[in-house]
Amino acid sequence: MRDAYHEELDSIGEGLVEMARLVGSAIGRATTAILDADLKLAESVIAADEKVDGLQRDLEARAITLLARQQPVATDLRIVVTSLRMSADLERSGDLAQHVAKLARLRFPETAVPRDLHATILEMGQLAQRLMAKAAEVIITKDVDLALQLEQDDDAMDLLHRALFQHLMDDRWKHGIETAVDVTLLGRYYERFADHAVSVAKRVVYLVTGEHADEIAPPTAVEGA
């Protein structure tokens, strides 16, 4: 019985990794769809979100069953409860990727992103994908130092988000109100996606240490590196 119980705990972790990989792929493909006005790709991202939602529902059901039947305590209880919270973060990340794809579909055959902002949006999309890939690695390895680094990595997304707004507020903006709203929404979607990746990593820190990430000093760079 105990072997089956721990296999189920491991299975929940594997489900989280699969969710992280799916939503990481989704934000990358949604970014391509929004920049290239690729309707077929946008539709595929929108449809694929159902798989993420299904994984989240399945994981939640298994976690609740474990809580009811096994009544875990200490570390095992932390694993189950924290996994539920991580699955919610990942499901919301999938929704954000879907929002990007839906905006691409809405503006098709035009693109929602002006040419002079393509590089910024591309960088935000690539960074979002890297952050989620790192979050997946953290789930697998339970590496606390790597998890703490994600918040520092997220500073780059915050800088890109601010740069986007500065561009929107520039007196030379010539793309109109509708495009300004589209770009504002896109910036928010990527910024929130990155926040969810950081949140997943922070929850792994709590899972491993029993302490909240904000209470632990972030890792410092090796001198001379």
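The structure displayed is predicted, hence computed values, not measured ones.
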Derivation of the side-chain contact (heavy atoms from CB on, under 4.5 Å) call for His118 and Thr111: CA-CA 10 Å; His118 269 219; Thr111 176; 4.1 Å; yes
Could you give me the CA-CA distance, side-chain angles and deciding distance for Met19 and Met86, then say whether side-chain contact (heavy atoms from CB on, under 4.5 Å) is met? CA-CA 10 Å; Met19 286 183 73; Met86 284 194 285; over 6 Å; no
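A salt bridge links Asp58 to Arg62: at least one charged side-chain nitrogen sits closer than 4.0 Å to a carboxylate oxygen. By the 4.0 Å N-to-carboxylate-O rule, Arg130 lies too far from Glu123 to be salt-bridged with it. The existence of a salt bridge linking Arg92 and Asp95 is excluded, since no basic side-chain nitrogen approaches an acidic carboxylate oxygen closer than 4.0 Å.
Between Val200 and Ala135, the shortest heavy-atom distance links the atoms CG1-CB, 4.2 Å. For the pair Ala33 and Leu41, the tightest heavy-atom approach, listed with the atom from each and the gap, is N-CD2, 3.8 Å. Minimum interatomic distance between Ile139 and Lys142 (heavy atoms only, all atoms of both residues): O-NZ, 2.6 Å. When every heavy atom of Met132 is checked against every heavy atom of Ser93, the shortest pair comes out as CE-OG, 3.5 Å.
His167 places none of its side-chain heavy atoms less than 4.5 Å from the side chain of Thr120. Contact check for Arg85 versus Val81: side-chain heavy atoms found under the 4.5 Å cut-off. Between Val138 and Val205 there is no side-chain heavy-atom pair separated by less than 4.5 Å. Using a 4.5 Å heavy-atom threshold, the side chains of Ile79 and Ile12 count as separate. For the pair His175/Asp116, a side-chain contact is recorded, criterion being any heavy-atom separation below 4.5 Å from C-beta on. Side-chain contact between Leu67 and Leu77: present, with at least one pair of heavy atoms (C-beta onward) separated by less than 4.5 Å. Using a 4.5 Å heavy-atom cutoff, the side chains of Glu91 and Leu55 are not in contact. Counting only heavy atoms from C-beta outward, the side chains of Gln129 and Thr31 never approach each other to under 4.5 Å.
At distances below 3.5 Å, at least one donor-acceptor pair connects side-chain atoms of Thr184 with backbone N or O atoms of Ala180. With Thr179 contributing its side chain and Val113 its backbone, the two residues share no donor-acceptor pair below 3.5 Å. With hydrogens and angles ignored, the 3.5 Å screen pairs no side-chain donor or acceptor of Ser25 with any backbone N or O of Arg21. Side-chain atoms of Gln98 come within 3.5 Å of backbone atoms of Ile46 as a donor-acceptor pair (strictly under, hydrogens ignored). Checking side-chain atoms of Ser87 against main-chain N and O of Leu84 turns up a donor-acceptor pair under 3.5 Å. Side-chain atoms of Ser11 never come within 3.5 Å of backbone atoms of Glu7 as a donor-acceptor pair (strictly under, hydrogens ignored).
In this structure, Glu43 places its CD atom where more than 12 heavy-atom neighbours from other residues, nucleotides or ligands lie under 6.0 Å away.
Atom CG of residue Leu160 and atom CD of residue Glu191 lie 11.5 Å apart, to the nearest 0.5 angstrom. Rounded to the nearest 0.5 Å, atoms NE2 (His161) and CE (Met124) are 5.5 Å apart. For the atom pair Phe193 CZ and Leu96 CG, the distance stands at 7.5 Å (nearest 0.5 Å). Rounding to the nearest 0.5 Å gives a distance of 4.5 Å between CG of Leu131 and CG of Leu127. The line from OG1 of Thr141 to CD of Glu137 is 5.5 Å long, rounded to the nearest 0.5 Å.
Two different hydrophobic clusters hold Val45 and Val52 under the rule that ILVMFWY side chains link at heavy-atom gaps under 4.5 Å. Connection of Leu159 to Met157 is not established within any shared hydrophobic cluster, with ILVMFWY side chains joined at heavy-atom distances below 4.5 Å, either directly or through further cluster members.
Tyr189 and His99 have tilted rings, their planes meeting at an angle from 30° to 60° on a 0 to 90° scale.
Each of Ile34, Leu35, Thr32 was evaluated against Leu122; a single residue qualifies, Leu35, per the side-chain contact (heavy atoms from CB on, under 4.5 Å) test.
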